[in-house]
Amino acid sequence: MPAVIALISALAVVAFQRFVEWRFGTMGIVGLLFLTIGLKANNHTCSSIGAVILALMFAGPAL
């Protein structure tokens, strides 16, 4: 049972990553990468950089 949950969560992460790459291009992937690395490493600077990149990507058309 835990293997099935791990497989489903891995598929969800890959699907989300592909969606971000399709929708926001390379900068979206870079922002997502910085955010996830910063959260996993508990590095506030790295996660903040990723969050700012993603926020600019989402708010870009509105600015």
Side-chain angles (χ1 to χ4, degrees):
M1 187 68 171
V4 173
I5 294 172
L7 179 65
I8 290 173
S9 64
L11 287 174
V13 168
V14 169
F16 180 70
Q17 181 182 6
R18 295 292 179 186
F19 172 73
V20 169
E21 184 177 359
W22 168 73
R23 180 73 172 96
F24 298 108
T26 305
M27 284 306 292
I29 290 297
V30 170
L32 187 63
L33 182 70
F34 270 113
L35 185 63
T36 55
I37 288 173
L39 290 175
K40 288 187 183 214
N42 202 15
N43 186 343
H44 299 294
T45 304
C46 190
S47 60
S48 296
I49 290 171
V52 167
I53 290 172
L54 287 176
L56 289 174
M57 293 298 298
F58 283 114
L63 297 175

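None of the values given here were measured: they were computed from a predicted structure.
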Which ILVMFWY residues are connected to L33, directly or by a chain of links, through side-chain heavy atoms under 4.5 Å apart?
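Reading the cluster by chain and number, L33 sits alongside I37.
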Pairwise distance CE(M27) to CG(L32) - rounded to 0.5 angstrom
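Rounded to the nearest 0.5 Å, the CE-CG separation comes to 12.0 Å.
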Quick one: NZ on K40 to CG on L35, what's the gap to the nearest 0.5 Å?
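Going from the NZ atom of K40 to the CG atom of L35 covers 11.5 Å.
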Co-membership, hydrophobic cluster, residues L39 and V13, 4.5 Å side-chain
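Different hydrophobic clusters.
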Using side chain to side chain contact (heavy atoms under 4.5 Å, CB included) as the criterion, point out the one residue from I29, L54, I53 that pairs with F34.
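Considering I29, L54, I53, a side chain to side chain contact (heavy atoms under 4.5 Å, CB included) with F34 is found only for I53.
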